[in-house]
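What follows is a single structure, written as structure tokens, with notes after it.
Computed from a prediction, not measured in an experiment: that's the story for all the values here. Hydrogens, waters and symmetry mates play no part in the numbers below; they use all other heavy atoms, side chains included. Numbered from 1 within each chain, the chains take letters A, B, ... in sequence-line order.
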Amino acid sequence: MPELPEVETICRGLAQRIPGRVVTGVVTRRSDLRWLIPHETLVDLLPGETIVAVNRRAKYVLLVLPVGTLIIHLGMSGLLRVVPGGEPPGRHDHLDILLDDGYCLRLTDPRRFGAVLWGGSQPLNHPLLVHLGPEPLLDSFNGSLLHALSVGRRRPVKSWIMDSRVVAGVGNIYAVESLFVANIHPGRPVHTLDWEACQRLALAIKDRLQAAIIQGGTTLRDFRQSDGRPGYFQQSLRVYGREGMPCLTCSTPIKSLRLGGRSSPFCPVCQPGP
DNA sequence: CCGGACGCCTGTCGGC
DNA sequence: TGCCGACAGGCGTCCG
């Protein structure tokens with residue numbers, strides 16, 4: 001579910017809501033997510049700690065406390081919301097972090113592809129985070145970097161920009177939308193992209209991610225911001241979910257490929273190739 | 001080293 | 001109405 005814009009939306013919501021709150025308890029109802037939730041560690045370390053900040057790296061939420069940082073990944077179906085402490089949990093509500101204002105930070109994840117990890121004092125050095133590529137919204141990510149990395153790579157460009165070592169946080173929706181904006185065919189081998197195409201691609205990725213963040217992310221079915229409101233970027237999607245429908249630019253029916261097992265819609269006229 | 005397939009798990013939807 | 005397969009926003013691991 002959540003790609004970078006959705007995770008950023010959640011982080012921004014939490015950042016204006018929970019810093020300054022003190023953790024009063026931790027309730028784990030199911031710990032078998034992608035990896036076991038380190039419940040004992042959380043119970044030992046978190047109660048009494050004041051939440052200092054909520055940050056994001058790639059699609060990871062970083063909950064910063066004086067004693068260390070809690071790392072949360074939402075996988076495919078995760079939600080992170082602040083709900084009243086008395087709200088009865090549903091069957092997919094796996095973790096509650098109780099706060100001193102009577103509310104709790106609740107992790108919901110039906111498919112359990114998400115993860116809760118203890119990051120200690122150097123969370124960016126955690127094995128799952130240490131090899132992540134650049135943040136796409138920073139200046140360190142740009143077309144020149146993409147072009148330098150593209151040398152000798154034969155993979156389809158769409159799979160390549162979804163590789164978190166190349167750029168962090170781009171998932172299926174935004175990969176597809178960015179390639180449409182950049183007028184690049186999703187199946188095009190990376191080494192065939194010239195400097196110009198790499199510039200267009202980097203700018204398109206920044207543009208689509210930024211636009212989605214402004215709209216509060218994409219709610220296809222169940223994504224919610226940390227306060228429960230949906231996102232609105234689904235109304236701005238140009239090719240995702242539009243297979244067979246007319247291209248919004250040229251009216252040609254949208255086609256779709258499967259790349260890496262993921263649907264990859266594109267306009268055969270606006271995105272010629274491979 | 002590189003690229004692609006698999007598997008984890010639950011829910012939903014379309015076709016018969 | 002019920003059943004069954006396909007598919008869904010991610011990603012570490014394994015295999016050729």
Fill in: Closest to the A:Ile173 side chain, choosing from C:dG9, C:dG12, C:dA8
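Minimum distance to the A:Ile173 side chain belongs to C:dG9.
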
Discussion item. Using the side chain to side chain donor-acceptor pair (under 3.5 Å) definition, which of the options A:Lys158, A:Arg262, A:Glu3, A:Glu177 pairs with A:Asn172?
Written reply: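 Per the side chain to side chain donor-acceptor pair (under 3.5 Å) rule, the option paired with A:Asn172 is A:Lys158, out of A:Lys158, A:Arg262, A:Glu3, A:Glu177.
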
Discussion item. Going by side-chain hydrogen bond (donor to acceptor under 3.5 Å, both in side chains), name the pairs with one or both residues in residues 90-102 of chain A, residues two or more places apart or in two chains.
Written reply: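 Sorted pair list: A:Arg17-A:Asp101, A:Arg21-A:Asp100, A:Arg29-A:Asp96, A:Asp93-A:Thr108, A:Asp96-A:Arg106.
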
Could you check whether any side-chain N or O of [X] sits under 3.5 Å from a backbone N or O of [Y], counting only pairs where one atom can act as donor and the other as acceptor?
X        : Y        : value
A:Arg238 : A:Ser178 : no
A:Gln271 : A:Ile184 : yes
A:Arg242 : A:Met245 : no
A:Glu8   : A:Arg56  : no

Worksheet entry | Partner residues of A:Thr192 under the side-chain hydrogen bond (donor to acceptor under 3.5 Å, both in side chains) criterion, sequence neighbours left out |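 Once residues adjacent in sequence are excluded, the partners of A:Thr192 under the side-chain hydrogen bond (donor to acceptor under 3.5 Å, both in side chains) criterion are A:Arg188.
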
Worksheet entry | For A:Glu87, side-chain hydrogen bond (donor to acceptor under 3.5 Å, both in side chains) partners two or more places apart |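 side-chain hydrogen bond (donor to acceptor under 3.5 Å, both in side chains) check on A:Glu87 returns nothing, list empty.
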
Item to complete: Might you work through the side-chain contact (heavy atoms from CB on, under 4.5 Å) test for A:Leu95 and A:Leu33, ending with a clear yes or no?
Response: CA-CA 11 Å; A:Leu95 177 71; A:Leu33 306 189; over 6 Å; no

Fill in: Parallel, tilted or perpendicular: rings of A:His73 and A:Tyr60 (30°, 60°)
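It falls in the perpendicular class, over 60°.
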
Fill in: Contact state string [nucleotides 5-12 of chain B, B base, S sugar-phosphate only, - no protein heavy atom under 4.0 Å]
--BBBBSS

Item to complete: May I ask you to evaluate whether A:His73 reaches the phosphate of C:dC11, defined as a side-chain N or O under 4.0 Å from OP1 or OP2?
Response: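 Yes.
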
Discussion item. Check the phosphate of C:dG9 against A:Lys59, side-chain N and O only, distance under 4.0 Å to OP1 or OP2. Yes or no?
Written reply: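 No.
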
Discussion item. Looking at A:Phe141, I'd like to know if its CZ atom is crowded, meaning that more than 12 non-hydrogen atoms belonging to other residues, nucleotides or ligands lie closer than 6.0 Å.
Written reply: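 Yes, the 6.0 Å shell around CZ holds more than 12 heavy atoms from other groups.
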
Give, ordered by number, those residues of [range] having at least one heavy-atom distance below 4.0 Å to an atom of DNA chain B; if nothing qualifies, reply none.
range                       : result
residues 145-165 of chain A : A:Arg153, A:Arg154, A:Arg155, A:Pro156
residues 232-249 of chain A : none
residues 123-138 of chain A : none

Practice prompt. Using salt bridge (charged side-chain N to carboxylate O under 4.0 Å, His left out) as the criterion, list what pairs up with A:Asp32, not counting sequence neighbours.
Written response: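 Testing A:Asp32 for salt bridge (charged side-chain N to carboxylate O under 4.0 Å, His left out), a comparison that skips the adjacent residues, returns A:Arg30, A:Arg112.
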
Discussion item. Enumerate the salt bridge (charged side-chain N to carboxylate O under 4.0 Å, His left out) contacts for residues 163-176 of chain A, please, sequence neighbours excluded, ordered by first and then second residue.
Written reply: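 Qualifying pairs: A:Arg155-A:Asp163, A:Asp163-A:Arg165.
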
Worksheet item: Would A:Tyr240 and A:Ser263 count as having a side-chain donor-acceptor pair, cut-off 3.5 Å?
Response: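 A:Tyr240 vs A:Ser263: no donor-acceptor pair found between side chains.
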
Worksheet item: Can A:Ser140 and A:Glu135 be counted as having a side-chain donor-acceptor contact under 3.5 angstrom?
Response: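 No, A:Glu135 and A:Ser140 have no side-chain donor paired with an acceptor closer than 3.5 Å.
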
Separation of [N] [atom2] from [X] [atom1] (nearest whole Å):
X        : N      : atom1 : atom2 : value
A:Ile71  : C:dC11 : CD1   : P     : 14 Å
A:Leu4   : C:dG9  : CG    : P     : 16 Å
A:Asn172 : C:dG10 : CG    : C1'   : 10 Å

Worksheet entry | A:Leu237 and A:Ile173, any side-chain heavy atoms less than 4.5 Å apart |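 Contact flag for A:Ile173/A:Leu237 side chains = yes.
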
Using distance only, find each side-chain donor-acceptor pair of residues 43-51 of chain A under 3.5 Å and give its atom names and separation, not counting sequence neighbours.
| residue | atom | partner | partner atom | Å |
| --- | --- | --- | --- | --- |
| A:Glu49 | OE1 | A:Val67 | N | 2.8 |

Worksheet entry | From CA spacing to verdict: side-chain contact (heavy atoms from CB on, under 4.5 Å), A:Leu74, A:Leu79 | CA-CA 7 Å; A:Leu74 300 177; A:Leu79 296 173; over 6 Å; no

Worksheet item: Given the P atoms of B:dG7 and C:dG5, what is the spacing between them in whole Å?
Response: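 16 Å, rounded to whole Å.
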
Worksheet item: Please, what dot-bracket string fits DNA chain B when only Watson-Crick and G-U pairs with both distances under 3.5 Å count, crossing ones use [ ] and pairs to another strand use |?
Response: .|||||||.|||||||

Worksheet entry | Interface with DNA chain C, restricted to residues 202-214 of chain A and to heavy atoms under 4.0 Å |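 Heavy-atom cutoff 4.0 Å gives no residues at all.
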
